[in-house]
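Report on the structure given below.
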Amino acid sequence: MGTVVIQRIYHKEAEKIGEKVKKRIAEIEAKMTINKPGGEINALNDTSGKDYVVLGDDTLYVLDKARHFSDISNGAFDVTIGPLVKAWGIWSDNPRIPQKSEIDELLELVDYKDVLIDKDNSRAMLKKTGQVVDLGGIAKGYAADEAINIYKENGVESAFISMGGNVAVLGGKPDGSPWRIGIRNPKGSQGSYIGIVSVKDKTVVSSGEYERFFEKDGVRYHHILDPKTGYPAESDLTGVTIVSDLSIDADALSTATFVLGLEEGMRFIEGLDGVEAVFITKDDKIYITGGLKNIFEFKDESKEFEYVEKR
Ligand code: AMP
Ligand code: MG
(Lines give C-alpha, C1' and ligand atoms only; values in the text may rest on other atoms or scores of the structure.)
(Ligands and ions follow the chains in the order given, each with its own letter.)
Protein backbone atom coordinates (compact mmCIF):
# COMPACT_ATOMS: atom_id res chain seq x y z
CA MET A 1 0.00 0.00 0.00
CA GLY A 2 2.93 2.27 -0.55
CA THR A 3 3.73 2.63 3.12
CA VAL A 4 5.55 1.11 6.08
CA VAL A 5 3.52 -1.09 8.43
CA ILE A 6 4.40 -1.19 12.12
CA GLN A 7 2.68 -3.63 14.46
CA ARG A 8 3.01 -3.96 18.23
CA ILE A 9 1.31 -7.06 19.52
CA TYR A 10 1.36 -8.16 23.15
CA HIS A 11 0.79 -11.92 23.07
CA LYS A 12 2.90 -15.05 23.35
CA GLU A 13 2.24 -15.79 19.67
CA ALA A 14 2.76 -12.23 18.58
CA GLU A 15 4.99 -13.09 15.66
CA LYS A 16 2.59 -15.62 14.16
CA ILE A 17 -0.32 -13.20 14.53
CA GLY A 18 1.73 -10.42 12.97
CA GLU A 19 2.40 -12.65 9.96
CA LYS A 20 -1.32 -13.34 9.56
CA VAL A 21 -1.96 -9.61 9.50
CA LYS A 22 0.78 -9.08 6.92
CA LYS A 23 -0.80 -11.73 4.72
CA ARG A 24 -4.23 -10.17 5.04
CA ILE A 25 -2.90 -6.71 4.16
CA ALA A 26 -1.19 -8.12 1.05
CA GLU A 27 -4.44 -9.82 0.07
CA ILE A 28 -6.44 -6.60 0.45
CA GLU A 29 -3.88 -4.68 -1.57
CA ALA A 30 -3.91 -7.28 -4.37
CA LYS A 31 -7.71 -7.14 -4.61
CA MET A 32 -8.16 -3.39 -4.35
CA THR A 33 -5.13 -1.63 -5.84
CA ILE A 34 -5.11 0.17 -9.18
CA ASN A 35 -1.34 0.53 -9.17
CA LYS A 36 -0.58 -3.05 -10.14
CA PRO A 37 -2.38 -5.29 -12.64
CA GLY A 38 -4.91 -7.88 -11.51
CA GLY A 39 -7.42 -7.79 -8.71
CA GLU A 40 -11.09 -6.99 -8.40
CA ILE A 41 -11.06 -3.20 -8.61
CA ASN A 42 -9.05 -3.31 -11.84
CA ALA A 43 -11.62 -5.76 -13.22
CA LEU A 44 -14.41 -3.36 -12.24
CA ASN A 45 -12.58 -0.44 -13.89
CA ASP A 46 -11.75 -2.40 -17.04
CA THR A 47 -15.42 -3.23 -17.53
CA SER A 48 -16.69 0.31 -16.92
CA GLY A 49 -19.63 1.26 -19.10
CA LYS A 50 -20.11 -2.33 -20.20
CA ASP A 51 -21.11 -4.79 -17.55
CA TYR A 52 -21.41 -5.74 -13.90
CA VAL A 53 -18.49 -7.52 -12.22
CA VAL A 54 -18.82 -9.94 -9.32
CA LEU A 55 -16.79 -8.79 -6.31
CA GLY A 56 -15.74 -10.45 -3.07
CA ASP A 57 -17.58 -9.45 0.12
CA ASP A 58 -14.62 -7.39 1.32
CA THR A 59 -14.20 -5.40 -1.91
CA LEU A 60 -17.94 -4.82 -2.09
CA TYR A 61 -17.96 -3.61 1.53
CA VAL A 62 -15.13 -1.13 0.93
CA LEU A 63 -16.67 0.10 -2.32
CA ASP A 64 -20.03 0.59 -0.61
CA LYS A 65 -18.40 2.49 2.27
CA ALA A 66 -16.46 4.61 -0.23
CA ARG A 67 -19.66 5.50 -2.07
CA HIS A 68 -21.36 6.32 1.24
CA PHE A 69 -18.62 8.74 2.29
CA SER A 70 -18.57 10.26 -1.18
CA ASP A 71 -22.27 10.87 -0.73
CA ILE A 72 -22.26 12.36 2.78
CA SER A 73 -19.25 14.57 1.99
CA ASN A 74 -21.06 15.89 -1.06
CA GLY A 75 -18.32 14.61 -3.30
CA ALA A 76 -15.36 16.13 -1.43
CA PHE A 77 -14.34 12.50 -1.16
CA ASP A 78 -15.11 10.91 -4.52
CA VAL A 79 -14.27 7.26 -5.07
CA THR A 80 -14.34 7.79 -8.87
CA ILE A 81 -11.39 10.22 -8.73
CA GLY A 82 -9.28 7.48 -10.44
CA PRO A 83 -8.88 8.99 -13.95
CA LEU A 84 -7.38 12.14 -12.42
CA VAL A 85 -5.17 10.26 -9.97
CA LYS A 86 -3.81 8.35 -12.98
CA ALA A 87 -3.40 11.48 -15.12
CA TRP A 88 -1.39 13.21 -12.39
CA GLY A 89 0.61 10.01 -11.94
CA ILE A 90 0.34 10.42 -8.18
CA TRP A 91 1.40 6.86 -7.46
CA SER A 92 3.80 6.53 -10.40
CA ASP A 93 7.50 7.28 -10.54
CA ASN A 94 6.85 10.11 -12.98
CA PRO A 95 4.14 12.43 -11.69
CA ARG A 96 3.18 15.19 -14.12
CA ILE A 97 0.95 18.24 -14.46
CA PRO A 98 -1.81 17.41 -16.95
CA GLN A 99 -3.07 20.05 -19.41
CA LYS A 100 -6.14 21.95 -18.26
CA SER A 101 -8.08 20.54 -21.24
CA GLU A 102 -7.17 16.99 -20.22
CA ILE A 103 -8.27 17.66 -16.65
CA ASP A 104 -11.58 19.12 -17.79
CA GLU A 105 -12.22 16.13 -19.99
CA LEU A 106 -11.44 13.64 -17.22
CA LEU A 107 -13.62 15.54 -14.73
CA GLU A 108 -16.62 14.38 -16.78
CA LEU A 109 -15.86 10.86 -15.58
CA VAL A 110 -15.77 11.77 -11.89
CA ASP A 111 -19.12 11.08 -10.26
CA TYR A 112 -19.59 8.62 -7.41
CA LYS A 113 -23.29 8.35 -8.28
CA ASP A 114 -22.20 6.28 -11.28
CA VAL A 115 -21.00 3.47 -8.99
CA LEU A 116 -23.84 0.96 -9.22
CA ILE A 117 -23.86 -1.65 -6.48
CA ASP A 118 -26.08 -4.71 -6.70
CA LYS A 119 -25.71 -6.23 -3.25
CA ASP A 120 -28.13 -9.10 -3.83
CA ASN A 121 -25.89 -10.46 -6.54
CA SER A 122 -22.57 -9.33 -5.01
CA ARG A 123 -21.67 -7.25 -8.02
CA ALA A 124 -20.98 -3.70 -9.09
CA MET A 125 -20.60 -1.64 -12.23
CA LEU A 126 -19.38 1.78 -13.32
CA LYS A 127 -21.89 3.52 -15.54
CA LYS A 128 -19.60 5.28 -18.02
CA THR A 129 -16.77 3.86 -20.09
CA GLY A 130 -13.42 5.11 -18.83
CA GLN A 131 -14.52 5.59 -15.22
CA VAL A 132 -11.98 4.48 -12.63
CA VAL A 133 -12.53 3.74 -8.97
CA ASP A 134 -9.57 4.49 -6.69
CA LEU A 135 -9.72 3.14 -3.14
CA GLY A 136 -6.38 4.75 -2.25
CA GLY A 137 -8.09 7.10 0.20
CA ILE A 138 -9.91 4.38 2.16
CA ALA A 139 -8.34 0.91 1.74
CA LYS A 140 -5.60 1.45 4.33
CA GLY A 141 -8.30 2.13 6.90
CA TYR A 142 -10.04 -1.09 6.01
CA ALA A 143 -6.75 -2.98 6.30
CA ALA A 144 -6.22 -1.51 9.78
CA ASP A 145 -9.72 -2.63 10.83
CA GLU A 146 -8.96 -6.11 9.53
CA ALA A 147 -5.72 -6.16 11.52
CA ILE A 148 -7.65 -5.31 14.71
CA ASN A 149 -10.13 -8.11 13.92
CA ILE A 150 -7.30 -10.61 13.49
CA TYR A 151 -5.76 -9.52 16.82
CA LYS A 152 -9.13 -10.05 18.54
CA GLU A 153 -9.75 -13.43 16.90
CA ASN A 154 -6.38 -14.58 18.20
CA GLY A 155 -7.01 -13.54 21.77
CA VAL A 156 -4.86 -10.40 21.74
CA GLU A 157 -6.00 -7.71 24.17
CA SER A 158 -3.40 -5.05 23.53
CA ALA A 159 -2.07 -4.08 20.10
CA PHE A 160 -1.12 -1.18 17.89
CA ILE A 161 -0.85 -0.94 14.11
CA SER A 162 0.41 1.96 12.07
CA MET A 163 0.28 2.17 8.27
CA GLY A 164 1.44 5.55 7.02
CA GLY A 165 -1.05 8.07 8.37
CA ASN A 166 -3.35 5.35 9.75
CA VAL A 167 -3.07 4.18 13.34
CA ALA A 168 -5.46 1.76 15.06
CA VAL A 169 -5.22 0.40 18.58
CA LEU A 170 -6.80 -2.54 20.36
CA GLY A 171 -7.46 -2.00 24.05
CA GLY A 172 -5.00 0.12 25.97
CA LYS A 173 -1.29 -0.37 26.51
CA PRO A 174 -0.31 -3.59 28.33
CA ASP A 175 -0.30 -1.69 31.64
CA GLY A 176 -3.92 -0.64 31.00
CA SER A 177 -3.19 3.02 30.30
CA PRO A 178 -4.37 4.59 27.00
CA TRP A 179 -2.16 4.56 23.93
CA ARG A 180 -0.60 7.94 23.28
CA ILE A 181 -0.67 8.68 19.56
CA GLY A 182 1.39 11.58 18.25
CA ILE A 183 -0.06 13.87 15.60
CA ARG A 184 2.61 14.77 13.14
CA ASN A 185 3.82 18.32 12.59
CA PRO A 186 2.98 18.82 8.88
CA LYS A 187 5.96 21.15 8.47
CA GLY A 188 8.43 19.14 10.49
CA SER A 189 10.22 15.87 9.98
CA GLN A 190 8.55 12.51 10.51
CA GLY A 191 9.40 12.32 14.20
CA SER A 192 8.07 15.76 15.16
CA TYR A 193 4.62 16.20 16.66
CA ILE A 194 2.17 18.99 17.41
CA GLY A 195 0.21 17.06 19.98
CA ILE A 196 -0.91 13.74 21.39
CA VAL A 197 -4.25 11.97 21.62
CA SER A 198 -4.71 9.36 24.36
CA VAL A 199 -7.03 6.56 23.28
CA LYS A 200 -8.14 2.97 23.80
CA ASP A 201 -9.92 0.91 21.12
CA LYS A 202 -9.81 3.74 18.59
CA THR A 203 -8.30 4.70 15.30
CA VAL A 204 -6.37 7.89 14.59
CA VAL A 205 -6.04 8.71 10.89
CA SER A 206 -4.31 11.69 9.32
CA SER A 207 -4.40 13.15 5.83
CA GLY A 208 -2.10 15.90 4.72
CA GLU A 209 -0.34 17.44 1.81
CA TYR A 210 3.00 16.37 3.33
CA GLU A 211 2.24 12.68 2.84
CA ARG A 212 2.78 12.50 -0.89
CA PHE A 213 3.72 15.26 -3.31
CA PHE A 214 6.05 16.31 -6.11
CA GLU A 215 7.60 19.64 -6.95
CA LYS A 216 7.82 21.33 -10.34
CA ASP A 217 9.29 24.79 -10.94
CA GLY A 218 9.13 25.53 -7.25
CA VAL A 219 5.44 24.64 -6.93
CA ARG A 220 4.33 21.75 -4.73
CA TYR A 221 1.61 19.44 -6.05
CA HIS A 222 0.17 17.09 -3.43
CA HIS A 223 -1.87 13.90 -3.76
CA ILE A 224 -5.31 14.89 -2.47
CA LEU A 225 -7.34 16.14 -5.41
CA ASP A 226 -10.40 18.36 -5.34
CA PRO A 227 -13.00 16.41 -7.33
CA LYS A 228 -14.63 19.72 -8.33
CA THR A 229 -11.50 21.15 -10.01
CA GLY A 230 -9.30 18.15 -10.77
CA TYR A 231 -6.31 19.91 -9.17
CA PRO A 232 -4.67 19.30 -5.78
CA ALA A 233 -7.15 20.60 -3.19
CA GLU A 234 -6.42 24.22 -2.30
CA SER A 235 -7.25 23.59 1.31
CA ASP A 236 -6.60 26.04 4.12
CA LEU A 237 -5.38 22.98 6.03
CA THR A 238 -1.95 21.39 5.95
CA GLY A 239 -3.23 18.36 7.78
CA VAL A 240 -6.25 16.87 9.51
CA THR A 241 -6.59 13.94 11.91
CA ILE A 242 -9.74 11.95 12.56
CA VAL A 243 -10.38 9.94 15.74
CA SER A 244 -13.15 7.34 15.58
CA ASP A 245 -14.01 3.67 16.08
CA LEU A 246 -13.58 2.30 12.57
CA SER A 247 -10.46 3.06 10.60
CA ILE A 248 -12.24 2.71 7.25
CA ASP A 249 -14.53 5.57 8.29
CA ALA A 250 -11.70 7.70 9.61
CA ASP A 251 -9.66 7.18 6.45
CA ALA A 252 -12.40 8.36 4.10
CA LEU A 253 -13.29 11.20 6.46
CA SER A 254 -9.75 12.49 6.79
CA THR A 255 -9.38 12.72 3.02
CA ALA A 256 -12.81 14.36 2.69
CA THR A 257 -12.19 16.83 5.51
CA PHE A 258 -8.86 17.87 4.06
CA VAL A 259 -10.65 18.81 0.82
CA LEU A 260 -13.45 20.62 2.70
CA GLY A 261 -11.04 22.79 4.71
CA LEU A 262 -11.39 24.12 8.26
CA GLU A 263 -14.81 25.70 8.35
CA GLU A 264 -16.81 23.22 6.31
CA GLY A 265 -14.75 20.33 7.65
CA MET A 266 -15.46 21.34 11.25
CA ARG A 267 -19.19 21.54 10.55
CA PHE A 268 -19.10 18.21 8.74
CA ILE A 269 -17.29 16.32 11.52
CA GLU A 270 -19.28 17.95 14.35
CA GLY A 271 -22.40 16.65 12.59
CA LEU A 272 -21.26 13.02 12.77
CA ASP A 273 -21.67 10.81 15.84
CA GLY A 274 -18.58 9.25 17.37
CA VAL A 275 -16.15 11.12 15.12
CA GLU A 276 -13.69 13.79 16.30
CA ALA A 277 -10.97 15.74 14.53
CA VAL A 278 -7.82 17.84 14.90
CA PHE A 279 -7.30 20.49 12.21
CA ILE A 280 -3.94 22.08 11.40
CA THR A 281 -4.21 25.19 9.24
CA LYS A 282 -1.80 26.76 6.78
CA ASP A 283 -1.43 29.71 9.15
CA ASP A 284 -0.19 27.33 11.88
CA LYS A 285 -3.26 27.18 14.09
CA ILE A 286 -4.68 24.08 15.68
CA TYR A 287 -8.38 23.49 16.21
CA ILE A 288 -10.18 20.46 17.64
CA THR A 289 -13.77 19.25 17.79
CA GLY A 290 -15.50 19.40 21.18
CA GLY A 291 -15.20 15.71 21.99
CA LEU A 292 -11.40 15.80 21.97
CA LYS A 293 -11.04 18.37 24.76
CA ASN A 294 -10.04 15.82 27.37
CA ILE A 295 -7.96 13.49 25.25
CA PHE A 296 -5.95 15.89 23.07
CA GLU A 297 -2.81 17.37 24.53
CA PHE A 298 -1.21 20.28 22.63
CA LYS A 299 2.52 19.70 22.64
CA ASP A 300 4.42 21.68 20.06
CA GLU A 301 8.15 21.43 20.43
CA SER A 302 8.70 23.57 17.33
CA LYS A 303 6.84 26.49 19.00
CA GLU A 304 5.44 27.42 15.60
CA PHE A 305 1.82 26.54 16.25
CA GLU A 306 -0.95 28.24 18.15
CA TYR A 307 -3.64 26.20 19.86
CA VAL A 308 -7.02 27.87 19.44
CA GLU A 309 -9.47 26.96 22.18
CA LYS A 310 -12.92 26.32 20.85
CA ARG A 311 -15.18 29.28 20.31
P1 AMP B 1 -5.39 9.76 2.04
O2 AMP B 1 -3.91 9.62 2.09
O3 AMP B 1 -6.13 8.72 2.79
O4 AMP B 1 -5.87 11.12 2.35
O5 AMP B 1 -5.83 9.46 0.54
C6 AMP B 1 -5.25 10.07 -0.55
C7 AMP B 1 -5.34 9.13 -1.73
O8 AMP B 1 -6.71 8.97 -2.10
C9 AMP B 1 -4.64 9.67 -2.97
O10 AMP B 1 -3.34 9.21 -3.07
C11 AMP B 1 -5.52 9.16 -4.09
O12 AMP B 1 -5.19 7.83 -4.41
C13 AMP B 1 -6.90 9.17 -3.48
N14 AMP B 1 -7.60 10.48 -3.58
C15 AMP B 1 -7.08 11.71 -3.87
N16 AMP B 1 -8.03 12.66 -3.81
C17 AMP B 1 -9.19 12.03 -3.46
C18 AMP B 1 -10.53 12.47 -3.25
N19 AMP B 1 -10.88 13.76 -3.34
N20 AMP B 1 -11.46 11.53 -2.93
C21 AMP B 1 -11.12 10.22 -2.82
N22 AMP B 1 -9.89 9.75 -3.00
C23 AMP B 1 -8.92 10.63 -3.32
MG1 MG C 1 -7.96 8.71 3.60
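We count ligands from 1, going down the list as the structure has it; atoms in each ligand are counted the same way.
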Salt bridge (charged side-chain N to carboxylate O under 4.0 Å, His left out) contacts touching residues 218-232 (sequence neighbours left out): Glu215-Arg220
message: Using a 3.5 Å cut-off on N or O atoms only, is Ile224 in polar contact with ligand 1?
response: no
query: So, Asp175 and Lys173, do they make that salt bridge, N to O below 4.0 Å?
result: no
- request: Just go through Ser207, Ser73, Gly141, Ala256 and tell me whose heavy atom is the nearest to atom 4 (O) of ligand 1.
  value: Ser207
- prompt: Taking the six-membered ring for Trp, are Phe214 and Tyr221 parallel (under 30°), tilted (30 to 60°) or perpendicular (over 60°)?
  reply: parallel
- request: Using a strict 4.0 Å threshold on nitrogen-to-oxygen distance, state whether Asp111 and Lys128 make a salt bridge.
  value: no
message: Quick check for you: to the nearest 0.5 Å, what is the distance between Ile194 atom CD1 and Glu297 atom CD?
response: 11.0 Å
message: Tell me whether Pro227 reaches ligand 1 (any heavy atom closer than 4.0 angstrom to a ligand atom).
response: yes
query: Is the closest heavy-atom distance from Val79 to ligand 1 below 4.0 Å?
result: no
message: For the 3.5 Å polar cut-off, considering only N or O atoms, please tell me whether Asp226 and ligand 1 meet it.
response: no
Steps toward side-chain contact (heavy atoms from CB on, under 4.5 Å) verdict (Asp251, Phe69): CA-CA 10 Å; Asp251 198 352; Phe69 287 108; over 6 Å; no
message: For the residue pair Glu270 / Thr289, report whether a side-chain donor-acceptor contact shorter than 3.5 Å exists.
response: no
message: I need the contact type for Asp78 against ligand 1. Using non-hydrogen atoms and a strict under-4.0 Å cut-off, is it side chain, backbone, both or neither?
response: backbone
- prompt: How close does the nearest protein non-hydrogen atom get to atom 23 (C) of ligand 1, and which residue and atom is it?
  reply: Ile81 CG2, 3.6 Å
- prompt: Under 3.5 Å, is there a donor-acceptor pair linking the side chains of Asn94 and Ser92?
  reply: no
task: Select one of side chain, backbone, both or neither to describe which atoms of Ala76 lie under 4.0 Å from any atom of ligand 1, heavy atoms only.
output: backbone
query: ring-ring contact (aromatic ring centres under 6.0 Å, His included) between Phe268 and Phe77: does it pass, once the steps are laid out?
result: CA-CA 12 Å; Phe268 179 51; Phe77 183 91; over 10 Å; no
Taking atom 5 (O) of ligand 1 as the reference point, the nearest protein heavy atom with its distance: Gly137 CA, 3.3 Å
statement: Looking only at protein heavy atoms, what sits closest to atom 10 (O) of ligand 1 is Trp91 NE1, 2.9 Å
message: Considering the Mg ion (ligand 2), could you give the total of protein N/O/S atoms lying closer than 2.8 Å?
response: 4
query: Identify the closest protein heavy atom to atom 18 (C) of ligand 1: which residue and atom is it, and at what distance?
result: Leu225 O, 3.8 Å
statement: Here the gap from Ile41 atom CD1 to Asp46 atom CG, rounded to the nearest 0.5 Å, amounts to 11.0 Å
Salt bridge (charged side-chain N to carboxylate O under 4.0 Å, His left out) pairs, two or more places apart, involving residues 98-109: Arg96-Glu102, Lys100-Asp104
Side-chain donor/acceptor pairs under 3.5 Å, residues 153-164, sequence neighbours excluded:
residue : atom : partner : partner atom : Å
Asn154  : OD1  : Lys20   : NZ           : 2.9
Asn154  : ND2  : Ile150  : O            : 2.7
Ser158  : OG   : Gly172  : O            : 2.9

field: Working for side-chain contact (heavy atoms from CB on, under 4.5 Å), residues Leu246 and Thr203
entry: CA-CA 6 Å; Leu246 280 182; Thr203 185; 5.8 Å; no
query: Looking only at protein heavy atoms, which one is nearest to atom 15 (C) of ligand 1, and how far off is it?
result: His223 O, 3.3 Å
task: Could you check atom 12 (O) of ligand 1 against the protein and tell me its nearest heavy-atom contact, residue, atom and distance included?
output: Asp134 OD2, 2.5 Å
message: Could you tell me, atom by atom, which parts of ligand 1 come under 4.0 Å of a heavy atom of Glu211?
response: 2 (O)
- prompt: Using heavy atoms and a threshold below 4.0 Å, how should the contact between Arg212 and ligand 1 be classified: side chain, backbone, both, or neither?
  reply: neither
task: Quick one: pull up CG in Leu55 and CG in Leu44 and give me the separation to the nearest 0.5 Å.
output: 6.0 Å
statement: of all protein heavy atoms, closest to atom 1 (P) of ligand 1 is Thr255 OG1, 3.2 Å
